[in-house]
Amino acid sequence: MSTQKRTVIHWFRKGLRVHDNPALIKACDTVRSNPTVYCLRPIFILDPDLLKWLKVGANRWRFLQESLQQLHENLTKINSRLYVVRGNPTTVFPKIFENWNVVQLTFETDIEPYSVKRDNDVEVKAFEHGVMVYQFASHTIYNPQLVLQKNGDKAPVTYQKFMSIVEKIKVSAALDVPEKLPKATIPSNDSEENQNNKCYDVPALNELISDKSLLGPRKFPGGETEGLNRLKRYLKDTEYICTFEKPNTSPNSLEPSTTVLSPYLKFGCLSSRLFFHKLNEVLKKNPKHSKPPTSLLGQLMWREFYYTAAASDPNFDKMIGNKFSYQIPWQENKTYLEAWSHGKTGYPFIDAIMRQLRQEGWIHHLARHAVACFLTRGDLWISWEEGQKVFEELLLDADWALNAGNWMWLSASAFFYKYFRVYSPVAFGKKTDPEGKYIKKYCPELKNYPAGIIYEPWKASLNSQKEYGCVLGKDYPNRIVIHETIHKENLSKMAEAYKLNKQLKDNVNDTSKKRKIENPKSSSKKMKK
DNA sequence: GGTTAGTTGATATG
DNA sequence: CATATCAACTAACC
């Protein structure tokens, strides 16, 4: 035992990459400082209990599995490997701290409440075992805590305000992949384990999912190499980068009209900071280009915006107790929710989007707008939290901060307040796909409906429906609500809810003013001066 | 207190 | 394709 090396652990959670990974670099530097004493073990912890209750759809499990596989390959290239440890982090760590003679632990910080608690617990255990812990904020371009601090310890609630703060913050360069480690850093002293360390292998897909029938086509393979290649492919297209304006991209093109880099950013397969710098290199060479908030760089900044807000409120994913969210009396409706989430609302545009989501794990941002508005303030009057849960399960890029923030935006619960702007489940999609090709792809039962009527099949006579081979109520659902009337009813419900929220706010302001008057501690000081 | 601006609505009209 | 209207929101700033 006396000859056992001291182990340096880098703990991967998000940030599944070897490029631009400051915590991994720190770990490698420690090892390189004295390779005869230190060895590196990069780990990923797979919690079998989480598999049971975590709402992660099959497509995202596959994306994670592929990301771990590529991470393992990329670590092998620097003479290391990935150790996938099965167990719960707080119980696993004390064991490996002892078994592996651990002296140092590095990881990337996270702002999600579950992660914050977990990391605090692990830090305590590390302290008890005399393990040094180093954390780095590298999931976002700007450290959310720093932005909060620069804004007087509160979140900027408008994009412009956010931008005015971060524009003054210098973004340091992205880091390279760590240099190759000395060969000897792979531990050989783990006697109780078999030689190949098979128990630490990257899980096969069937360890993560039980029902492979839920897997859709593999349109966006997971992993660092995939993410970097995808970035490269888009960076080459200077014209695309410089003219990109989100509102002008199509929500219902058959192939994505946007980059689909979001799943890679979510898992940290791609560094947002690298994306930021690479993007700026292209923009610098081409002074005439689109600008935030609609530009590609602007999209990246929205991610930062939501991360900062989310970091300031552990209830960011709930309506009640959320300092950003208006309180709106949404109503439960299991039938409507089921119809929405499985693409059976009877509105072909909405249903096509929801089916694409379930099959492929990605839908265009504006398509998310359309279905989110439909579920909440537009038509079904169901809480944004319900929609959030469905997205959380099905999106490859589901991200706690962005998902909640965007749901609040679309339901006009926070950040966005022009609730009278309602997306039409009929008209919106027609603008970019008048033929309804997208609908025909994802709702093939409607494939014989002509362009003029495919967005509103209820307008077809029964005879026509029979002629098109798709009778409503039998082959495709009747629409569950009448948008033309219900969106107006909902509009007045929103107006009512807004009034109440305003009153509530005024009352709070009044009482705090009164308190100041009744108990003028701070102002008395001023008066003395 | 008043004004202005806010990533991405729909519709009617010229 | 551009603009006004619909009914009228909020946060930030002066």
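Chain letters run A, B, ... following the sequence lines, proteins first, then strands; residues in each count from 1. Atom set for the values below is all heavy atoms of this structure, side chains included, hydrogens, waters and symmetry mates excluded.
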Between dA11(C) and Y417(A), is there an OP1 or OP2 to side-chain N/O distance shorter than 4.0 Å? yes

Separation of dT10(C) atom C1' from Q503(A) atom CD, nearest Å, is 17 Å

Same-atom distance (P) from dA5(B) to dA4(C), integer angstrom = 15 Å

Expressed in whole Å, how much space separates the P atoms belonging to dC13(C) and dT7(B)? 13 Å

Checklist entry - Is any NZ, NE, NH1 or NH2 atom of the basic residue among D397(A) and R368(A) found under 4.0 Å from an Asp or Glu carboxylate oxygen of the other? => result yes

When T258(A), V260(A), T432(A) are each screened for side chain to side chain contact (heavy atoms under 4.5 Å, CB included) with H364(A), the one that passes is T258(A)

Assign Q160(A) to base, sugar-phosphate, or nothing according to its heavy-atom contacts below 4.0 angstrom with the strands shown.
sugar-phosphate

Salt bridge (Lys or Arg N to Asp or Glu O under 4.0 Å) test vs E360(A) passes for just one of R355(A), K219(A), R218(A), namely K219(A)

- prompt: Reckon K431(A) touches a base, only the sugar-phosphate, or nothing at all at heavy-atom distances under 4.0 Å?
  reply: sugar-phosphate

When all nucleic acid strands are considered with a 4.0 Å heavy-atom cut-off, which category describes F244(A): base, sugar-phosphate, or nothing?
nothing

Separation of dT5(C) atom P from R421(A) atom CZ, nearest Å, is 15 Å

note: K161(A), atom NZ; dT7(B), atom P; distance rounded to Å ~ 15 Å

- [ ] Sticking with atom P, work out how far dA7(C) lies from dT4(B), rounded to a whole angstrom.
- [x] 23 Å

Taken to the nearest whole Å, CH2/W409(A) to C1'/dT7(B) is 6 Å

Of the candidates dA10(B), dT7(B), dT8(B), the side chain of S424(A) sits closest to dA10(B)

What distance, rounded to whole Å, do you find between the two P atoms, one in dC6(C) and one in dG6(B)? 23 Å

In terms of side-chain geometry, is the basic nitrogen of D399(A) or R303(A) positioned less than 4.0 Å from the acidic oxygen of its partner?
-> no

When rounded to whole Å, the CD to P distance for the pair E456(A) and dA10(B) reads 13 Å

Here the distance between atom C1' of dT7(B) and atom CZ of F415(A), to the nearest Å, is 15 Å

Exercise. Across the strands shown, which category fits K502(A) at heavy-atom distances under 4.0 angstrom: base, sugar-phosphate, nothing?
Worked result: sugar-phosphate

Under a 4.0 Å N-O cut-off, is there an ion pair linking K266(A) with E392(A)?
no

